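Read through the structure below, which is laid out as structure tokens, and then see the notes.
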Amino acid sequence: MHRKPFPPALVVIAHGSRDPRHARAVHALVRRVRSLRPGLRVETGFLDFTLPSVHGVLESLAAQGVRDVVALPLLLTRAFHAKADIPAVLREAPAQLRIRQADVLGPSPLLLTALERRLYEAGLTPADKSSTGVVLASAGSTDPEAIAVIAEIAREWRRTGWCAVRPAFASAGSPAGFPRTEDAVRELRALGCSRVAVAPYVLAPGFLPDRIARGAAEADVLAEVLGPAPEVARVLLERYDAARTPALAAVGA
């Protein structure tokens, strides 16, 4: 009788932060992923500031005899971390590990559902959509691909019935032409939206989400970060399942 092989371990790679709320949110999300997929080994590694490090997690897995790993960037866009930092870390992994890097989480219709979940939890209802303008407040990036994705998400979300949706960036390093959260709030007011809501398109609390919150001072509604929303956990498993297929080349291959 042949035993069914173990599925590849899932290593969730988070950015890390000096803010302890960041790690708490990441661990809560990972717990939800585990609850949705009993039997799947899910570990968490951080790129910076927080332990365990990605390298430490990979070394531990290798020492325990694990051979197949899916490394999943806990990122919403394919910016510098996904394109450079994470591949560099994975190239330094123990040689006996076969690692596939999964795609980032966004864009995904499930993430739009998660954003709306947070807005409804903050007090809006579906009946408010047509009279409410929404600021899609992301952390920000200088990567043209990431910028284009955020703008497209805002356009797509607007088509679901909101009065208007405007992207905004929190990072001071973001390019000119993209408003800060407070600027987008004022723009939506000027458009005549009856109320303005700010939806942070970020996964965990920290410095930039706090900046988004400060920029939302003149808004009527401020949603929580995505955190361990069930839709986010489902996206993680979608990306894991896609990376398991042989069509995705192993890192460094």
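Basis for what follows: all heavy atoms, side chains included, without hydrogens, waters or symmetry-related copies. Sequential numbering from 1 along the given sequence is applied to the chain's residues. Predicted, not measured: the structure shown is a model, and the values here were computed from it.
Residues satisfying the ring-ring contact (aromatic ring centres under 6.0 Å, His included) criterion with H27, sequence neighbours excluded, are F46. Considering only residues two or more places apart in sequence or on other chains, R21 meets the salt bridge (Lys or Arg N to Asp or Glu O under 4.0 Å) condition with D19, D210. Residues passing the side-chain hydrogen bond (donor to acceptor under 3.5 Å, both in side chains) test with E121, sequence neighbours excluded: R118. Every residue two or more places apart in sequence or in another chain that forms a side-chain contact (heavy atoms from CB on, under 4.5 Å) with P167 is listed here: I150, A154, F178. Remark: T77 pairs with no residue by the side-chain hydrogen bond (donor to acceptor under 3.5 Å, both in side chains) rule, at least two apart or across chains. Among residues two or more places apart in sequence or in another chain, the salt bridge (Lys or Arg N to Asp or Glu O under 4.0 Å) test is passed with R195 by D128. Taking the side-chain hydrogen bond (donor to acceptor under 3.5 Å, both in side chains) definition, one finds that R37 meets it with D241, sequence neighbours left out. Remark: S53 pairs with no residue by the side-chain hydrogen bond (donor to acceptor under 3.5 Å, both in side chains) rule, at least two apart or across chains.
T160 places no side-chain N or O within 3.5 Å of a backbone atom of E156 that could act as its donor or acceptor partner.
Within the structure, salt bridge (charged side-chain N to carboxylate O under 4.0 Å, His left out) contacts touching residues 48-71 (residues at least two apart or in different chains) are D68-R98. The stretch residues 218-234 participates, sequence neighbours left out, in these salt bridge (charged side-chain N to carboxylate O under 4.0 Å, His left out) pairs: R117-E231, R186-E218, R189-D220.
Using a 4.5 Å heavy-atom cutoff, the side chains of L76 and V104 are not in contact.
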Identify every side-chain donor-acceptor pair in residues 28-35 under 3.5 Å, counting partners at least two apart or on other chains, and give the distances.
{"unit_1": "R32", "atom_1": "NE", "unit_2": "P228", "atom_2": "O", "d": "2.5"}
{"unit_1": "R34", "atom_1": "NE", "unit_2": "V42", "atom_2": "O", "d": "3.2"}
{"unit_1": "R34", "atom_1": "NH2", "unit_2": "V42", "atom_2": "O", "d": "2.6"}
{"unit_1": "S35", "atom_1": "OG", "unit_2": "R32", "atom_2": "O", "d": "2.6"}

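Taking Ile, Leu, Val, Met, Phe, Trp and Tyr as members and joining any whose side-chain heavy atoms lie under 4.5 Å apart, directly or through other members, the hydrophobic cluster of V198 also contains V135, V185, L188, L191, V196, V202, I212, L222, V225.
Atom CZ of R159 is surrounded by more than 12 heavy atoms from other residues, nucleotides or ligands within 6.0 Å.
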